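Treat the numbers as computed from the prediction; the structure is a model and nothing was measured.
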Amino acid sequence: MVDDARDERLPTDGADRDRLLARYRELVLDVLPRRGRAEGWAVQVDHCVGRVVLDNTLGGAWRTVLPAGRGAAYARLAPDDLARAVALAERMDAEGADLVAELDARSLAWRGKPAKRPPR
């Protein structure tokens, strides 16, 4: 189970926002999808990785939790949520397939969809 508590050590001020946005994009658009394809993870494309990160950061399907607005969802995150999203993506990179599968199953459940079957 993922710890949903907020980590008070995460940076949340405006000065860190550009760095956090750049790291989020690097992880979600490049690093995690590339590893997912190479290692056969439950999610292997950037928009699915983003769904998993955002849903698990916000505690539900991000489209129902995050206020509507213009621009990418991750760019509309509150500073503390952005920091938590980056920390979660870093954890996914560190822990790999098992954590990604757990987080994906939770994300799909919030959306009323069945979990994926593990590969044979």
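- The backbone N or O of Ala42 sits less than 3.5 Å from a side-chain atom of Lys116, completing a donor-acceptor pair.
- Partners of Ser107 according to the side chain to side chain donor-acceptor pair (under 3.5 Å) rule, which considers only residues two or more places apart in sequence or in another chain, are Arg51, Asp55.
- With contacts defined as side-chain heavy-atom distances shorter than 4.5 Å, the pair Asp46/Pro33 qualifies.
- Crowding of Arg37 atom CZ: a count of heavy atoms from other residues, nucleotides or ligands under 6.0 Å exceeding 12.
- With values rounded to the nearest 0.5 angstrom, Glu95 atom CD is found 12.0 Å from Glu90 atom CD.
- Residues Leu21 and Tyr74 form a side-chain contact, since some pair of their non-hydrogen atoms from C-beta on lies under 4.5 Å apart.
- Here the closest non-hydrogen pair linking Val53 and Ala85 is CG1-O, 3.6 Å.
- Asp104 contributes no side-chain N or O that, together with a main-chain N or O of Val100, makes up a donor-acceptor pair within less than 3.5 Å.
- Formation of a donor-acceptor pair under 3.5 Å by the Arg25 side chain with backbone atoms of Leu20 is not found in this model.
- You'll find the side chain of Arg35 stays beyond 4.5 Å of the side chain of Met92, heavy atoms only.
- Between Arg23 and Leu27 the shortest side-chain heavy-atom distance falls below 4.5 Å.
- Residues Leu77 and Trp110 fall into different hydrophobic clusters, defined by Ile, Leu, Val, Met, Phe, Trp and Tyr side chains chained together at heavy-atom separations under 4.5 Å.
- With hydrogens and angles ignored, the 3.5 Å screen pairs a side-chain donor or acceptor of Arg76 with a backbone N or O of Gly71.
- Within the 4.5 Å cutoff, no side-chain heavy atoms of Leu29 are placed close to those of Tyr24.
- Residues Leu32 and Leu108 fall into different hydrophobic clusters, defined by Ile, Leu, Val, Met, Phe, Trp and Tyr side chains chained together at heavy-atom separations under 4.5 Å.
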Working for salt bridge (charged side-chain N to carboxylate O under 4.0 Å, His left out), residues Arg84 and Asp80: CA-CA 6 Å; Arg84 289 177 47 238; Asp80 60 333; 5.6 Å; no
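- Under the 4.5 Å side-chain heavy-atom criterion for ILVMFWY residues, a single connected hydrophobic cluster contains both Leu88 and Val65.
- Contact check for Val28 versus Leu54: no side-chain heavy atoms found under the 4.5 Å cut-off.
- A distance of 13.5 Å separates CH2 in Trp62 from CG in Asp81, rounded to the nearest 0.5 Å.
- Residues Ala61 and Arg111 share a closest heavy-atom pair of CB-CG, 3.9 Å.
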Does the pair Glu102 and Asp98 meet the rule for a side-chain contact (heavy atoms from CB on, under 4.5 Å), with working shown? CA-CA 6 Å; Glu102 175 187 339; Asp98 289 341; over 6 Å; no
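- For the atom pair CG (Leu82) and CZ (Arg17), the distance works out to 5.0 Å, reported to the nearest 0.5 Å.
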